[in-house]
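Working notes, beginning with the structure itself.
We're numbering straight along the sequence, starting at 1. These numbers were taken from a predicted model, which means no experiment stands behind them. Only heavy atoms go into these numbers, but all of them, side chains included; no hydrogens, no water, no symmetry mates.
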Amino acid sequence: QSGHYGRELNNLRMSAVRLCTSKAAQIDTVLEQLKQHVLNLRNKGTLVKNTSEYKKQLMAENERLKREVEDLKQQLIDVETANGRKQFIAQPKKEKSTDCDSALIPLL
């Protein structure tokens with residue numbers, strides 16, 4: 001009988017070890033997920049701090065691009081004019097209209 005109780009006790013110990021090992025693995029997984037969540041929150045905080053600076057950079061780039069577009073438009077007008085093509089500017093009607101009609105006025 002003492003051998004029987006010894007085996008049962010040994011089986012209980014092994015079950016407890018397996019249970020503890022399983023729980024430890026689950027805890028490790030949860031801890032890793034929490035670490036990742038904290039890192040994500042920190043990164044978002046950094047992004048929020050840098051949003052103002054990023055917005056300034058985008059606005060400056062937007063202005064630079066607008067100037068570049070205007071320069072390219074002028075270059076196109078110069079080339080077309082040099083090739084004898086008349087230039088027109090579109091002036092929208094004074095009254096609000098839903099259609100796309102515009103009065104065209106020749107530049108040259």
Side-chain angles (χ1 to χ4, degrees):
Q1 281 189 356
S2 67
H4 176 70
Y5 290 118
R7 278 181 278 167
E8 279 189 37
L9 186 59
N10 194 29
N11 286 340
L12 284 174
R13 285 182 185 151
M14 293 303 292
S15 293
V17 168
R18 281 193 294 269
L19 181 62
C20 288
T21 304
S22 174
K23 290 292 181 186
Q26 289 174 353
I27 290 170
D28 286 344
T29 301
V30 169
L31 284 174
E32 190 59 38
Q33 290 171 347
L34 286 173
K35 286 179 188 177
Q36 289 294 357
H37 188 65
V38 167
L39 284 174
N40 287 339
L41 290 174
R42 283 185 182 161
N43 288 338
K44 285 181 182 179
T46 302
L47 289 176
V48 168
K49 290 176 188 173
N50 293 334
T51 299
S52 178
E53 185 63 32
Y54 184 64
K55 185 176 178 180
K56 287 178 187 175
Q57 290 174 353
L58 288 176
M59 290 175 71
E61 182 180 10
N62 193 29
E63 288 303 314
R64 182 187 59 78
L65 290 171
K66 284 180 183 179
R67 287 190 305 271
E68 188 177 331
V69 166
E70 289 303 317
D71 290 344
L72 290 170
K73 282 182 184 178
Q74 188 57 51
Q75 288 177 24
L76 178 61
I77 289 170
D78 294 344
V79 168
E80 287 180 337
T81 303
N83 287 326
R85 189 161 189 186
K86 284 187 174 184
Q87 298 296 308
F88 297 90
I89 56 171
Q91 284 189 336
K93 292 181 179 180
K94 290 184 181 181
E95 61 188 57
K96 291 187 177 182
S97 174
T98 57
D99 61 13
C100 296
D101 292 352
S102 296
L104 294 179
I105 301 172
L107 287 175
L108 296 175

Residues 61-69 side chain polar contacts: donor-acceptor under 3.5 Å, at least two apart:
| residue | atom | partner | partner atom | Å |
| --- | --- | --- | --- | --- |
| Arg64 | NH1 | Glu68 | OE1 | 3.3 |

Checklist line | Distance (rounded to the nearest 0.5 Å) between His37 NE2 and Leu39 CG | finding: 11.0 Å

Checklist line | Pairwise distance CG(Leu76) to CG(Asp71) - rounded to 0.5 angstrom | finding: 12.5 Å

Note to self: Would you compute the distance between atom CD of Gln33 and atom OG1 of Thr29 and round it to the nearest 0.5 angstrom?
What the structure shows: 6.5 Å

Note to self: Quiz question: by atom type and distance under 3.5 Å, do the side chains of Asn40 and Gln36 form a donor-acceptor pair?
What the structure shows: no

Check: Atom NZ in Lys55, atom OG in Ser52: separation rounded to 0.5 Å?
Finding: 7.5 Å

Next item on the list: Could you tell me whether a side-chain N or O of Ser22 sits under 3.5 Å from a main-chain N or O of Arg18, the two making a donor and an acceptor?
Entry: no

Checklist line | Connected hydrophobic set around Ile27, excluding itself, where side chains approach under 4.5 Å | finding: Leu31

Notebook entry, point to check: Which ILVMFWY residues can you reach from Tyr54 by hopping between side chains whose heavy atoms are under 4.5 Å apart?
Noted result: Leu58

